[in-house]
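Residue numbers start at 1 and run along the sequence shown. Everything numeric here is computed off the predicted structure, so don't read it as measured data. Just follow the structure's listing: the first ligand is 1, and inside any ligand the first atom is 1.
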Amino acid sequence: MVDAARRGFLRGRSRPRAELRPPWALVESAFSERCTRCNDCLKACPEGIIVSGDGGYPTIDFGRGECTFCAECVTACQPQALLRRQGEAPWAYKARINDACLPARGVECRVCGDFCAVRAIVFTPRAGGCALPQIDAQLCTGCGACQAPCPTAAIRIS
Ligand code: SF4
Ligand code: SF4
Ligand code: SF4
């Protein structure tokens with residue numbers, strides 16, 4: 001006999017969070033139960049970054065732009081699969097830089113830093129090499145503004 005908590009655990013594991021959800025989304029198991037796939041959040045987003053993902057559930061495409069955290073999507077979500085709670089951060093996503101980063105390959109580049117409004121990308125000088133970008137996780141909001149401008153797709157938000 002599988003108890004309720006165990007069933008919830010298994011349900012959560014059977015649908016791992018592989019896609020980025022809109023800001024202030026409930027935890028994945030609750031989100032997928034409440035979301036009716038109505039697409040109202042897609043229509044409400046002024047940045048056009050919410051798209052229909054796997055199974056018709058909304059996901060974020062940072063290739064289209066950044067999240068300004070305007071919360072228009074939350075306001076549009078009648079089933080409250082997106083629910084803004086007082087004092088709660090919109091999400092835990094952060095920018096991550098991979099091996100395709102140009103300075104790691106000896107080519108000067110600071111494009112991502114130019115797009116980060118909160119200056120969460122710090123370029124650390126290196127002796128004999130180009131300064132390497134590092135993400136300050138305390139400052140990074142996961143807004144995604146740095147992802148699309150990167151010439152080598154070296155930044156992902158997760
Ligand atoms: S908070 Fe605003 S910009 Fe961000 S996904 Fe929602 S509607 Fe779009
Ligand atoms: S508005 Fe809410 S219920 Fe509709 S697709 Fe977006 S998250 Fe799901
Ligand atoms: S995701 Fe936004 S806040 Fe984080 S490093 Fe990129 S531009 Fe800066």
Side-chain angles (χ1 to χ4, degrees), residues 11-12 14-104 108-125 130-158:
R11 198 164 52 237
S14 67
R15 196 196 286 273
R17 172 168 284 194
E19 295 194 304
L20 304 176
R21 295 300 178 213
W24 292 284
L26 301 181
V27 295
E28 186 67 10
S29 55
F31 173 83
S32 58
E33 281 178 13
R34 276 206 195 174
C35 176
T36 60
R37 294 172 273 187
C38 66
N39 285 348
D40 284 350
C41 54
L42 279 69
K43 297 171 201 155
C45 179
E47 305 300 322
I49 62 171
I50 308 179
V51 298
S52 183
D54 283 352
Y57 290 94
T59 188
I60 297 286
D61 180 0
F62 285 120
R64 293 165 169 251
E66 69 189 271
C67 182
T68 61
F69 305 111
C70 66
E72 292 292 331
C73 51
V74 179
T75 302
C77 183
Q78 291 298 316
Q80 297 190 322
L82 311 178
L83 186 60
R84 193 173 189 177
R85 288 134 298 194
Q86 192 71 29
E88 191 174 82
W91 52 34
Y93 301 143
K94 305 287 176 188
R96 299 175 204 284
I97 301 176
N98 64 37
D99 292 345
C101 178
L102 286 174
E108 183 68 36
C109 177
R110 297 192 181 211
V111 170
C112 55
D114 293 340
F115 282 84
C116 182
V118 297
R119 300 188 182 278
I121 306 178
V122 180
F123 285 84
T124 308
C130 306
L132 288 177
Q134 290 181 310
I135 305 295
D136 183 332
Q138 297 295 320
L139 292 178
C140 177
T141 63
C143 72
C146 56
Q147 180 174 307
C150 174
T152 57
I155 299 182
R156 284 288 174 272
I157 312 299
S158 61

Note to self: Quick check: do Pro90 and Cys67 have side-chain heavy atoms less than 4.5 Å from each other?
What the structure shows: no
Next item on the list: Just jot down the ligand 2 atoms closer than 4.0 angstrom to any heavy atom of Pro79, in number order.
Entry: 3 (S)
Item checked: Within-4.5 Å side-chain heavy-atom neighbours: Phe115 and Ile155 -> no
Margin query: Can you confirm whether Asp61 sits close enough to Ile49 that some side-chain heavy atom of one is under 4.5 Å from a side-chain heavy atom of the other?
Written below: no
Next item on the list: Mind telling me whether Tyr57 and Phe31 have parallel, tilted or perpendicular rings, with 30° and 60° as the class edges?
Entry: tilted
Notebook entry, point to check: Of all heavy-atom pairs between Leu20 and Tyr93, which one has the smallest distance, and what is that distance?
Noted result: CA-OH, 3.3 Å
Notebook entry, point to check: Taking only heavy atoms of Pro46, which atoms of ligand 1 are found under 4.0 Å from at least one of them?
Noted result: 7 (S)
Next item on the list: Kindly say whether Glu28 contributes a backbone atom to a donor-acceptor pair with the side chain of Arg21 at under 3.5 angstrom?
Entry: no
Item checked: Per-atom contacts, ligand 2 versus Thr36 - under 4.0 Å to a heavy atom -> 3 (S)
Item checked: Arg37 and ligand 2 - part of the residue with a heavy-atom distance under 4.0 Å -> backbone
Notebook entry, point to check: Do other residues, nucleotides or ligands put more than 12 heavy atoms under 6.0 Å from the CZ atom of Arg119?
Noted result: no
Next item on the list: Starting from atom 8 (Fe) of ligand 2, find the nearest protein heavy-atom neighbour and note its residue, name and distance.
Entry: Cys35 SG, 2.3 Å
Next item on the list: Please name the pair of heavy atoms, one in Gly53 and one in Thr59, separated by the smallest distance, quoted to 0.1 Å.
Entry: CA-CG2, 3.8 Å
Check: If you take all heavy atoms of Cys73 and Leu82, which pair is closest and at what distance?
Finding: O-CD1, 3.7 Å
Notebook entry, point to check: Looking at atom 2 (Fe) of ligand 2, what's its closest protein heavy atom, distance included?
Noted result: Cys77 SG, 2.4 Å
Item checked: ligand 2 contact by Phe31, heavy-atom criterion under 4.0 angstrom -> yes
Check: Taking atom 6 (Fe) of ligand 3 as the center, what protein N, O or S atoms are found at less than 2.8 Å?
Finding: Cys146 SG
Note to self: What protein heavy atom lies closest to atom 4 (Fe) of ligand 2? Include the residue and the distance to one decimal.
What the structure shows: Cys38 SG, 2.2 Å
Notebook entry, point to check: If you look at every heavy atom in Arg84 and Ala71, which pair is closest and at what distance?
Noted result: NH1-CB, 3.4 Å
Next item on the list: Only counting residues at least two apart or in another chain, list the ones meeting side-chain contact (heavy atoms from CB on, under 4.5 Å) with Pro46.
Entry: Cys70, Glu72
Residues 132-151, side-chain donor-acceptor partners within the protein, below 3.5 Å, at least two apart:
residue: Gln134; atom: OE1; partner: Thr124; partner atom: OG1; Å: 2.8
residue: Asp136; atom: OD1; partner: Gln138; partner atom: N; Å: 2.9
residue: Asp136; atom: OD1; partner: Leu139; partner atom: N; Å: 3.4
residue: Thr141; atom: OG1; partner: Cys143; partner atom: N; Å: 3.4
residue: Gln147; atom: OE1; partner: Ile157; partner atom: N; Å: 3.4

Next item on the list: Work out how many protein N, O or S atoms lie closer to atom 6 (Fe) of ligand 1 than 2.8 Å.
Entry: 1
Next item on the list: Tell me whether the guanidinium CZ or amine NZ of Arg110 lies under 6.0 angstrom from the six-membered ring centre of Phe123 and within 45° of its axis.
Entry: yes
Next item on the list: Within a distance under 4.0 Å of any heavy atom of Val118, pick out the atoms of ligand 3 and give their elements.
Entry: 3 (S)
Next item on the list: Give the minimum heavy-atom separation between Trp24 and Glu88, together with the two atoms involved.
Entry: NE1-O, 3.1 Å
